[in-house]
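Report on one structure; see the data block that follows.
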Amino acid sequence: MKKLITLSIIAFSSFICNAQNFFTDGLFGNNGYSYSTQLGAIEGRSENLFKQPDGKFLLCGYIYDIGCNCYYNVMFRTDECGQVDSSFGTNGLVRHTFDQRNAGYAYTLKDDGKIIAVGLQSDGNAGSQQFPFIARYTSNGIPDSSFATFGTNKISSLGPIAFTSVYPLDSGKFLCTNGLFLMRFDSLGFADAAFGSGGNISYPTPPGINFFYNSRSVLRSDGKIISTAAAYSGINNDKNATFLCYDTLGLIDSTYGSNGFYKDNSFVIGSDAPLLILQSDDKVVTAQAISGNDIILARYLTNGSLDSTFGVNGYTMVTGADVRLEYLSSFPDNSFVIGYGQNGIPTQFYKFTSDGISDPLFSLDGSNSFQFPAPSSEKADIGFALSNEEFIVGTSSAFNGGSMVLKKYGILSSTPNITQNIDSLFANVSDPSATLQWYLNGASISGAIDNLYITTQNGTYVVEVTNSLGCSATDTIVVTNTGIAEHGIEGLVSFYPNPVKDFMTYENRLGRPASFSLFDIGGKLMLTNEMVIGTGKVDMSVLPAGVYMVEVKTDIAVSKTRILKH
């Protein structure tokens with residue numbers, strides 16, 4: 001089995017040269033990245049990434065600071081262009097704890113912009129003092145003193161447990177969960193006595209399962225919650241992916257699996273809960289680490305059973321030496337990307353169709369490797385798809401005091417990267433919605449708004465690119481050779497008629513043979529030919545209408561001119 005999978009990964013690489021590539025969006029943040037100030041921590045994780053109604057991005061998670069043995073809730077916000085939002089927290093960053101330890105394991109964003117965080121809170125590091133909490137922050141990242149007690153509610157009466165999910169309800173209340181444990185709070189952050197016993201429900205573990213906590217969950221379109229965990233079972237406490245379904249009233253759905261539970265016994269998995277995503281038809285896709293070296297992808301139907309139409313009989317395997325699952329994120333068309341690490345190489349990103357078939361057309365800047373620059377952690381924790389053609393990844397995995405970081409990708413490049421061919425400059429922007437403006441020595445050049453610009457004098461040239469969101473970036477080049485090679489050609493070579501429809505005539509009065517090349521406005525070579533002394537004709541009828549550049553070369557000189565084709 002391992003040999004077959006290894007061959008499939010080699011096949012992946014062979015398609016990259018023909019791939020539909022996702023490019024770093026250089027108009028986002030600083031060359032594609034947006035960084036918070038340094039966190040002063042050694043580890044952490046991003047748990048949620050939101051796009052607010054105003055277009056801003058909010059990255060949320062937690063970090064651990066070894067200096068004080070503290071955990072902090074952390075949040076980082078940028079505008080739509082990836083510029084740090086200075087109105088949020090301190091320079092766009094919130095690093096906050098209500099106690100010695102607050103680890104935000106899940107967040108949700110309210111319609112009024114306020115932020116709900118849940119997870120674990122403690123005034124010490126003893127295991128018996130780790131309690132669940134719910135807290136609220138204002139839209140600017142300040143603890144909301146009108147919520148619970150000074151902004152937080154630590155539920156010390158429940159013993160050591162943490163909330164791992166939070167769902168806002170239509171009533172304004174909040175449902176917090178962790179596997180078999182559920183608790184509901186009113187809009188002010190206090191336990192809702194009408195829910196269960198004192199606001200909480202704790203279900204017993206079903207027969208054959210010894211432990212079902214530290215779960216992850218998703219909310220289906222029908223209002224039911226699917227919770228999954230690495231449930232301990234059997235004499236050896238083997239861990240299997242186990243699923244539980246209940247509604248927002250806390251009632252277990254007995255039609256799901258067997259009395260509300262489904263356990264997949266096909267594979268023994270690691271201790272972490274499977275990563276999971278929800279597809280548009282409410283099917284659940286999971287990624288699970290198995291055997292310490294492999295990753296298994298699976299899809300489950302709304303009744304809890306395995307979907308045999310996914311992958312091969314319900315599963316897709318990714319295998320290799322010391323593969324560590326790090327990332328799972330979906331696109332609107334239900335395709336999805338996984339990220340995994342291996343010793344000695346950067347994180348590898350691979351994309352799959354909605355049915356679990358590997359997509360060889362996917363790459364990031366020409367490869368499948370991904371890593372954030374140091375000192376941040378190399379790996380991505382979380383992703384958010386803006387469309388099938390754009391997505392953002394984020395990390396709070398601080399390393400050596402690193403930062404929270406966002407990075408944006410898109411299939412069309414709007415990043416300017418000037419290349420020069422003699423006196424022609426090309427911006428290399430493929431996004432048709434982007435607008436361009438060329439500058440010479442700081443002054444805008446009238447009408448210079450295309451990818452291609454032909455220089456007429458030496459100097460410092462800048463191209464500024466602005467996308468449909470109003471984000472912009474520039475690139476600069478210093479030109480020193482304009483006009484040097486053109487001496488002796490001007491006036492000795494001509495092309496007519498201009499504009500031309502079918503056939504173009506050239507007139508070579510140089511007294512020597514020459515060659516010419518015809519390029520489109522994007523710099524693509526369309527045709528090339530030799531020029532005899534005297535006159536000749538060029539068939540332009542097969543070319544689409546547009547602006548073309550004719551480059552004439554002799555053994556001593558080069559000249560260029562523009563031709564308009566009707």
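Side-chain atoms are counted along with the backbone in the values below, which use heavy atoms only and exclude waters and symmetry mates. All residue numbers refer to positions in the sequence shown, counting from 1.
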Exercise for the section: Taking all non-hydrogen atoms of both residues into account, name the closest pair between Lys173 and Asp186 and its distance. Expected result: CG-CA, 3.9 Å
Problem - From Leu301 atom CG to Asp281 atom CG, the distance as rounded to the nearest 0.5 Å - result: 9.0 Å
Problem - Non-hydrogen side-chain atoms of Leu278 and Val284 separated by less than 4.5 Å - result: yes
Problem - Any Ile226 side-chain heavy atom under 4.5 Å of Tyr300 side chain - result: no
Practice task
Taking Asp264 for its side chain and Leu306 for its backbone only, find out whether a donor-acceptor pair lies under 3.5 Å.
Solution key: no
Handout entry: side chain to side chain donor-acceptor pair (under 3.5 Å) assessment of Thr138 paired with Asn140
Key = CA-CA 5 Å; Thr138 68; Asn140 291 328; 5.2 Å; no
Exercise for the section: Describe, in one word, how the ring planes of Tyr64 and Tyr71 are oriented to each other, choosing from parallel (under 30°), tilted (30 to 60°) and perpendicular (over 60°). Expected result: tilted
Exercise for the section: Look at the side chain of Ser403 and the backbone N and O of Val405, then say whether any donor-acceptor pair between them is shorter than 3.5 Å. Expected result: no
Problem - Reported CG-to-CD distance for the pair Leu120 and Gln129, which is rounded to 0.5 angstrom - result: 11.0 Å
Exercise for the section: Would you give the length of the straight line joining atom OG of Ser354 to atom CZ of Arg299, rounded to the nearest 0.5 angstrom? Expected result: 6.0 Å
Practice task
With the side chain counted from C-beta on, respond yes when Ser396 and Phe76 share a heavy-atom pair under 4.5 Å apart, and no when they do not.
Solution key: no
Exercise for the section: Indicate whether any N or O donor in one side chain lies under 3.5 Å from an N or O acceptor in the other, for Ser122 and Asp99. Expected result: no
Handout entry: Residues Cys245, Tyr262; criterion side-chain contact (heavy atoms from CB on, under 4.5 Å); working and verdict
Key = CA-CA 9 Å; Cys245 179; Tyr262 175 77; over 6 Å; no
Practice task
Tell me, with the steps shown, if Asp282 and Thr302 meet side chain to side chain donor-acceptor pair (under 3.5 Å).
Solution key: CA-CA 6 Å; Asp282 281 338; Thr302 54; over 6 Å; no
Practice task
Would you check if Leu58 and Tyr107 make a side-chain contact, meaning some heavy-atom pair closer than 4.5 Å?
Solution key: no
Problem - Beyond-backbone contact of Phe57 with Lys51, side-chain heavy atoms, under 4.5 angstrom - result: yes
Exercise for the section: Take Val285 and Ser330 through the side-chain contact (heavy atoms from CB on, under 4.5 Å) test and state the conclusion after the steps. Expected result: CA-CA 10 Å; Val285 173; Ser330 63; over 6 Å; no
Exercise for the section: Would you confirm whether Glu389, through its side chain, and Ile411, through its main-chain N or O, come within 3.5 Å as a donor-acceptor pair? Expected result: no
Practice task
Mark yes or no for whether Asp85, through its side chain, and Asp79, through its backbone, hold a donor-acceptor pair below 3.5 Å.
Solution key: no
Practice task
May I have the step-by-step check of salt bridge (Lys or Arg N to Asp or Glu O under 4.0 Å) for Asp222 and Arg220, ending in yes or no?
Solution key: CA-CA 5 Å; Asp222 61 1; Arg220 294 194 324 203; 2.8 Å; yes
Practice task
Would you mind reporting whether Leu244 and Ile252 have side-chain heavy atoms less than 4.5 Å apart?
Solution key: yes
Exercise for the section: State whether the side chain of Thr242 and the backbone N or O of Lys263 hold a donor-acceptor pair below 3.5 Å, judged by distance alone. Expected result: no
Exercise for the section: Please confirm whether Phe150 and Phe98 have ring centers closer than 6.0 angstrom. Expected result: no
Fill in the blank from the handout: Which of Tyr409, Phe384, Phe352, Phe391 passes ring pair (Phe, Tyr, Trp, His ring centres under 6.0 Å) with Phe331? It is Phe391
Exercise for the section: Please test Arg101 against Asn69 for side-chain contact (heavy atoms from CB on, under 4.5 Å), starting from the C-alpha separation and ending with a verdict. Expected result: CA-CA 8 Å; Arg101 292 185 168 194; Asn69 196 21; 2.8 Å; yes
Exercise for the section: Would you check if Asn102 and Lys154 make a side-chain contact, meaning some heavy-atom pair closer than 4.5 Å? Expected result: no
Handout entry: Side-chain donor/acceptor of Thr316 to backbone N/O of Gly356, under 3.5 Å
Key = yes
Exercise for the section: Please assess Leu386 against Ile392 for the test side-chain contact (heavy atoms from CB on, under 4.5 Å), listing each intermediate value before the final yes or no. Expected result: CA-CA 8 Å; Leu386 303 170; Ile392 292 181; 4.2 Å; yes
Problem - Asp170, CG: over 12 other non-hydrogen atoms inside 6.0 angstrom - result: no
Problem - Contact summary for Glu47 and Gly104, nearest pair of heavy atoms - result: CG-O, 3.7 Å
Exercise for the section: Give a yes-or-no answer on whether the side chains of Asp359 and Thr353 include a donor-acceptor pair shorter than 3.5 Å. Expected result: no
Completion exercise
On a heavy-atom basis, the closest approach of Gln288 and Ala241 is OE1-CB, 3.2 Å
Exercise for the section: Indicate yes or no for a side-chain donor-acceptor contact from Asn21 to the backbone of Gly366 under 3.5 Å, with no hydrogens or angles considered. Expected result: yes
Practice task
Determine the minimum heavy-atom distance between Leu59 and Ile382, stating which atoms define it.
Solution key: CD1-CG2, 3.6 Å
Practice task
Evaluate the criterion side chain to side chain donor-acceptor pair (under 3.5 Å) for residue pair Asp307 and Thr309; output intermediate values, then yes/no.
Solution key: CA-CA 5 Å; Asp307 183 356; Thr309 66; 2.7 Å; yes
Handout entry: Heavy-atom side-chain proximity of Ile116 to Phe185 below 4.5 angstrom
Key = no
Which side-chain N or O atoms in residues 155-165 pair as donor and acceptor under 3.5 Å with protein atoms at least two apart or in another chain?
{"residue": "Thr164", "atom": "OG1", "partner": "Thr177", "partner atom": "O", "Å": "3.3"}
{"residue": "Thr164", "atom": "OG1", "partner": "Ser215", "partner atom": "O", "Å": "2.9"}
{"residue": "Ser165", "atom": "OG", "partner": "Ser217", "partner atom": "OG", "Å": "2.7"}

Exercise for the section: Report, as yes or no, whether the 6.0 Å neighbourhood of atom CG on Asp112 holds more than 12 heavy atoms from other residues, nucleotides or ligands. Expected result: yes
Practice task
Measure from the ring center of Tyr62 to the ring center of Tyr105 and say whether it is less than 6.0 Å.
Solution key: yes
Exercise for the section: With rounding to the nearest 0.5 Å, note down the distance linking OG in Ser329 to OH in Tyr327. Expected result: 3.5 Å
Exercise for the section: Please name all residues satisfying ring pair (Phe, Tyr, Trp, His ring centres under 6.0 Å) with Tyr315, sequence neighbours left out, ordered by chain then number. Expected result: Phe267
Handout entry: Gly82 to Ser34 - nearest heavy-atom pair and separation
Key = O-OG, 2.7 Å
Handout entry: Short side-chain donor-acceptor distance under 3.5 Å, Asp333 and Ser335
Key = yes
Problem - Donor-acceptor contact below 3.5 Å, side chain Asp65 vs main chain Tyr72 - result: no
Problem - Flag, side chain of Ser46 to backbone of Asn48, donor-acceptor distance under 3.5 Å - result: no
Exercise for the section: Output the distance between atom CE (Met404) and atom CD (Gln38), rounded to the nearest 0.5 Å. Expected result: 14.0 Å
Exercise for the section: Can you label the angle between the Tyr35 ring and the Tyr33 ring as parallel, tilted or perpendicular, going by 30° and 60°? Expected result: parallel
Problem - Between OH on residue Tyr246 and CD1 on residue Ile225, distance to nearest 0.5 Å - result: 5.5 Å
Practice task
Over all heavy atoms of both residues, which pair between Tyr137 and Ala117 is shortest? Give the atoms and the distance, please.
Solution key: CE1-CB, 4.3 Å
Exercise for the section: Please determine which of Phe349, Phe370, Phe362 meets the ring pair (Phe, Tyr, Trp, His ring centres under 6.0 Å) test together with Phe22. Expected result: Phe362
